[in-house]
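One structure below.
Throughout, a chain's letter reflects where its sequence line sits, starting with A, and its residues are numbered from 1. Heavy atoms only: backbone and side chains are in, while hydrogens, waters and symmetry mates are out. Bear in mind that the values here come from a model prediction, so they are computed numbers and not experimental data.
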Number of protein chains: 2
Amino acid sequence: MTASDPRPLDDEQLGAYFALMDVASLLRHAVEQQLREAGDLSYVQFQLLATLGLGTPTGTARMTDLADRVVYSRSGLTYQAGLLEAAGLVTRAPSEEDERSVVVSITDAGREVLRTVLPGHTDVVRQQLLEPLSRRGTSALAGLLTPVRDHMRAQPPRSAGRRRRR
Amino acid sequence: MTASDPRPLDDEQLGAYFALMDVASLLRHAVEQQLREAGDLSYVQFQLLATLGLGTPTGTARMTDLADRVVYSRSGLTYQAGLLEAAGLVTRAPSEEDERSVVVSITDAGREVLRTVLPGHTDVVRQQLLEPLSRRGTSALAGLLTPVRDHMRAQPPRSAGRRRRR
DNA sequence: TATTGTTATACTCTATAACTATA
DNA sequence: TATAGTTATAGAGTATAACAATA
C-alpha cells in the first residue's frame, strides 16, 4: 500500500486519461457494431476467439487463463464460453494433466468466423484509430501502452482475486 | 465511403490496437470499483457528473449534447439521468429557449459527491496509468489520442445517427 | 416534417455466492 | 485445504421502437 498523492491531476494528466477512455469507448462501440453485423459476435467473444486463434500456437487455453486475460469473473467466462460452444466455435474438454481444468479449443468453424470478420474489423480499426495516428503515432502508442498493460496485469489476477480475499 | 485496404494489420498495428483496448478495459474496471465504493457511482454516472461539474462553466447541458458525449442512445441517457436525479445529484428542467429541450444541471450535492470521489479516483488513475507512463509519456499519450478522439467525434453523432438513418 | 425527450420492453452481460470435483 | 469450473440468481445497463410535444 503506497501513500497517496493528495494533489489533483493537472490538465495534461486529465487530458491523457479522458482521451484514452473516450477513444477506447468510441472505438469499442464502432467495433462492436461491425462484429455484430459481420459475425454475430460481441467484443468479448471476438477477444476469446482472437486469443485462441491468433494468440496461441495450439488454439487452446485453460478457462482460468482466458478469464484472467479477457473477462473479469469466472462465471462470466463460463457464460461466454457456453455461448461460443453452443455456436460451435469452440469446444471444451477436461485437461489431461489436471482433471480440474478445462481446456478450450477453437474449432475450424471458429477460425472461419474469425477469417470472415477480420477484414471488416481491420477496416474499422484502420479508419477510426490508425489513420489519424499515422505510422509513427501507431508505433509510439504501442510503445507507451504495452508497458502499462504489463504493469496492470502484474497486479493480483482478476479471476482469483475475489476468491482469495475472503 | 473510402475503398478498404485489403492488407491485414501488422504486428505493430495490432499491438497498438489491443494494448489500447486492454489498458482502457483494465483501467475502467479498476476505476469502476473505486467509484462504486467511494460514491456509489457507475463510470457513466461519473462521466455525466464530471462533464457537468468540471467540463462546463455553468454546470448545465442539454440531454442530447450529453448523450452525444457520454452515452450512445437517448434512452440510455434518460435512464442514467433519472438515476442521478433520483439521487439528488442533478436536476432536469425544460429549456427556456427551446421547449423541446431539457437542461440538466449538477446540484450542490452532485458537486459534493464529485469532490468526495475525486481523490480516490485520482489515486487509481495515477497508480495504474500515469505512474508507469511517467511525465513525458503522459504528455505524449495525450498528444496522440486527443486528435484521434476529435477525428472520431467528427463522424456522425451517436444519438441522432440511428434516427437519421431511417 | 424534423427534432427532443420519455416510456415500455426485451435482452445481454456481469458478478456473487453456493456448490461439486480434483489436487 | 486450496484450486478449477459451473450453476442459480439477481441486478445493472443498453438499445429499439413507439410515442408525445415542440420547432
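Between B:Arg69 and B:Asp65 there is no salt bridge, since no side-chain N of the basic residue sits under 4.0 Å from a carboxylate O of the acidic one. Using a 4.0 Å cut-off between charged nitrogen and carboxylate oxygen, B:Arg126 and B:Glu131 do not count as a salt-bridge pair.
Contact between the side-chain N/O atoms of B:Gln45 and the OP1/OP2 oxygens of D:dA12 is not found at any separation under 4.0 Å. Of the side-chain N and O atoms in B:Arg74, none sit less than 4.0 angstrom from OP1 or OP2 of C:dT6. Phosphate proximity of D:dG5 to A:Arg92: absent, as no side-chain N or O sits under 4.0 Å from OP1 or OP2. Between B:Gln80 and D:dA12 there is no side-chain polar atom (N or O) within less than 4.0 angstrom of OP1 or OP2.
Heavy-atom nearest nucleotides on DNA chain D were determined for A:Tyr79 and for A:Ser101, and the one closer to the 5' end corresponds to A:Ser101. Both A:Val44 and B:Val103 lie near DNA chain C, and the one whose nearest nucleotide falls closer to the 5' end is B:Val103.
Residue contacts for A:Leu66: at a heavy-atom cut-off of 4.0 Å it reaches no nucleic acid atom on any strand shown. Among the heavy atoms of the strands lying under 4.0 Å from A:Ser75 is at least one base atom, whether or not backbone atoms are also near. Among the atoms of the strands shown, only primed sugar atoms or phosphate atoms (P, OP1, OP2) are found under 4.0 Å from some heavy atom of A:Ser42.
Distance from the side chain of A:His29 is smallest for D:dA15 among the nucleotides D:dA15, C:dA2, C:dA15. Taking only side-chain atoms of A:Arg36, from C-beta outward, the nucleotide of D:dG5, C:dT12, D:dT22 with the closest atom is C:dT12. Each of D:dT16, C:dT6, D:dA4 was ranked by its minimum atom distance to the side chain of B:Thr78; first place goes to C:dT6. Here C:dT22 is the nucleotide among D:dA15, D:dA23, C:dT22 with the atom lying nearest to any side-chain atom of A:Asp98. Checked against D:dT3, C:dA2, C:dT16, the side chain of A:Arg100 finds its nearest nucleotide in D:dT3.
Residue B:Leu83 contributes atom CG, which lies 13 Å from atom C1' of D:dT14 at whole-angstrom precision. Nucleotide D:dG11 holds its P atom 19 Å from the CD atom of B:Glu32, rounded to whole Å. In this entry the distance linking CZ of B:Arg62 with P of C:dT3 reads 12 Å, nearest Å. Atom CG in A:Asp65 sits about 13 Å away from atom C1' in D:dG5, given to the nearest Å. Taking atom CZ of A:Arg28 as the reference point, atom P of D:dA15 lies 12 Å away to the nearest angstrom. When the C1' atom of D:dT22 is taken as reference, atom CD of B:Glu99 falls 8 Å away, rounded to whole Å. Regarding B:Leu35, its CG atom lies at a distance of 12 Å from the P atom of D:dG13, rounded to whole Å. A:Gln47 has its CD atom 14 Å from the C1' atom of C:dT14, to the nearest Å.
Between A:Leu89 and A:Leu41, some side-chain heavy-atom pair lies under the 4.5 Å cut-off. Side-chain contact check for B:Leu145 versus B:Leu20: some heavy-atom pair is nearer than 4.5 Å. Within the 4.5 Å cutoff, the side chain of B:Ser105 has no heavy atoms near those of the B:Arg92 side chain.
Side-chain contact of B:Tyr17 with A:His121: a donor-acceptor pair under 3.5 Å is present, judged by distance alone.
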